[in-house]
Structures are given as C-alpha cells and as structure tokens.
Amino acid sequence: MVLLSARLREHTRDDRAAAQRSTFVEGLAHGRLPFAAYAALLAQHWFIYETLELATAAMATDPVARRFVFPELFRIPALEADLRYLYGARWQSRVTALPSTTTYCTRIRYSAFDQATGYVAHHCTRYLGDLSGGQWLGEAIVKAYGLRRQGYRFFVFEGVDPPLFRARYRERLNAVRWSGAEQDAFLAEVSAAYRLNVDVLAELGEHWN
Ligand code: HEM
C-alpha cells in the first residue's frame, strides 16, 4: 500500500514547482520590492489564516481532523503583532483582501469546515509550506529588509523544530484511514489550495511589479 505522504509528495510535484516560480516571492527574497509589498503579503495571510484557523476550531471534534489541530502552529497572534508593527495600531482599517484572497477564503469555508479531507488539504498546504520553503523565505526577507526583532513573527514557530514537525505530520497523514476516493478528494483539494496560493501571489505581483 502506498503511504498517503508519498502520494501527496508525488501528486504535488508540479504544484510545488509552479508555486516556486513566483516572481513576487523572489522579488521579496532579494529585497527588490518595496517594503510595503512585504506588508501586503502578510495582510493577505491574515485573511487566509483567520479563515483557516476558524476551520480548525470548527473541526476540533471531527475524529480525523482533530489529529491535525496544533495550537503551536496558530499564526493569527503572530500575524497581528506583525501587522501592528507594519501598519500601526489601526492596522485593521488599513488592510483589505484582494479578490484572489477572497476567493481563497471562500474555498476554505466551502471545503474545510465540515469535511476532514478538505480541512487537512488546506491545513497541510499552508503550514507544511510555512515550515519548509517559508523558513527560507523568512530568513531571506529578514536579511533583505534589515528587520530587527519585529515584523517577522509570522515565520517564527515558537517551540517547533520544522524538519521534525514535518516528519511527525507525515506520520499522522499516513495513519489516517481514508478510502481511495477520500484520498483522491484530499489530493484534489491540495492542488486547489496550491493554485489559490499561486493566484494570490500573482495578484500581489501585478500590484508590485
Ligand atoms: C517562491 C516561492 C516558494 C519557494 C521558493 C518554495 C520553496 C520550497 C522548498 C525548497 C521546499 C522543500 C523542497 C520541496 O519539497 O520541493 C518546499 C516545500 C513545500 N512548499 Fe514551497 N516554496 C514556495 C512557495 C510555496 C507556496 C505558494 C506554497 C503553498 C502554500 C508552498 C507549499 C509547500 C509545501 C506544502 C511543501 C512541502 C513541505 C513538506 O512536505 O514537508 N510553497 N517549498
């Protein structure tokens, strides 16, 4: 039997490659874009994580999804601290969701609030990405924009060892007893989640090119 984590890795090969081609992310990593572009990325993340972490609350008693509830991953407190630093105390009135972000949030609401396959798909795509390429990106941004102590908590997962956490997460995926059809639904939603992320990065790229 093929492990679900192996199916996920294989299934997302092209999705990952497409995501990694983002010129917006590359521009931030090299400090080529204005600092405000970085703030705009975190603002979009706030809308996305607010919806995703509401899904976590909604799914906390689901027998499968509850194994994918990790309070140490919650990003909203970190994002709010960063946005306060980047936009000031009235940050909430200064940030708006881009159309692609709204589409992403709508999709999370539709697929991740009452189906474990959808919830885990959206959960793993964001957080495993944050604990993988996201760690590299955080370091690059801190360096490129000379951030000191503040404005980058989003990338810092207190008490989490990223490689170890990713390995444990994969074990949890492998322990899920999903039928073939459920696994397929999960993988399809992971691809959708990648596309939604790529669309947000593309729209940010149009604003900040
Ligand atoms: C320029 C942008 C990006 C870069 C440079 C980047 C970089 C990387 C790298 C180096 C890895 C580890 C090697 C690999 O599995 O290929 C990785 C894995 C991953 N990335 Fe990205 N990535 C980017 C964008 C994204 C986006 C937009 C998403 C979606 C939210 C994403 C989600 C993931 C996921 C889910 C993994 C797998 C982690 C695991 O299974 O442990 N990445 N990324």
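We count ligands from 1, going down the list as the structure has it; atoms in each ligand are counted the same way. Positions are given from 1, in the same order as the sequence printed here.
- Of the protein's non-hydrogen atoms, R16 NH1, 3.3 Å is the one closest to atom 14 (C) of ligand 1.
- Remark: minimum distance from atom 5 (C) of ligand 1 to any protein heavy atom is reached at W136 CZ3, 3.4 Å.
- Nearest protein neighbour of atom 13 (C) of ligand 1, counting heavy atoms only, is R9 NH2, 4.4 Å.
- Assignment of Y169 to the shell around ligand 1 is not supported, since no heavy atom sits closer than 4.0 Å.
- The atoms of ligand 1 that sit less than 4.0 Å from any heavy atom of L201 are 27 (C).
- Cation-pi geometry between R166 and Y169 is not met: the NZ or CZ atom fails to fall both under 6.0 Å from the ring centre and inside 45° of the normal.
- Residue contacts with ligand 1 for Q20 involve both N, CA, C or O and side-chain atoms from C-beta outward (heavy atoms, distance under 4.0 Å).
- For T117 and E182, the side-chain atoms include no donor-acceptor pair closer than 3.5 Å.
- What sits closest to atom 20 (N) of ligand 1 on the protein, heavy atoms only, is G129 CA, 3.9 Å.
- Residue-level proximity to ligand 1 for S132 is carried by the side chain, the only part with a heavy atom below 4.0 angstrom.
- Annotation: R126, atom CZ; neighbour count of heavy atoms from other residues, nucleotides and ligands within 6.0 Å is above 12.
- The single protein non-hydrogen atom nearest to atom 2 (C) of ligand 1 is A19 O, 3.4 Å, given as residue, atom name and distance.
- E80 places a side-chain heavy atom less than 4.5 Å from the side chain of W91.
- The distance from ligand 1 to the heavy atoms of V25 drops below 4.0 Å at these ligand atoms: 1 (C), 2 (C).
- For ligand 1 and R170, the ligand atoms under 4.0 Å from any heavy atom of the residue are 39 (C), 40 (O), 41 (O).
- Distances below 4.0 Å separate heavy atoms of G133 from the following atoms of ligand 1: 7 (C), 8 (C), 9 (C), 17 (C), 43 (N).
- In this structure, the ring of Y49 has its center less than 6.0 angstrom from the ring center of F154.
- Judged by a 6.0 Å distance limit and a 45° cone about the ring axis, R66 is not positioned over the six-membered ring of Y119.
- Listed by number with element, the atoms of ligand 1 under 4.0 angstrom from any heavy atom of T125 are 29 (C), 30 (C), 32 (C), 35 (C).
- The protein atom (non-hydrogen) at minimum distance from atom 28 (C) of ligand 1 is Y194 CE2, 4.0 Å.
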Salt bridge (Lys or Arg N to Asp or Glu O under 4.0 Å) evaluation trace for R153 with E158: CA-CA 9 Å; R153 281 200 209 173; E158 297 287 348; over 6 Å; no

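- Residue R166 has at least one N or O atom closer than 3.5 Å to an N or O atom of ligand 1.
- Between Y38 and F155, the two ring planes are parallel [angle under 30°; tilted spans 30° to 60°].
- Put simply, no part of E26 is less than 4.0 Å from ligand 1, judged by heavy atoms.
- A donor-acceptor pair shorter than 3.5 Å can be found between the side chains of Y104 and N197.
- Y145 has its ring centre no less than 6.0 Å from the ring centre of Y152.
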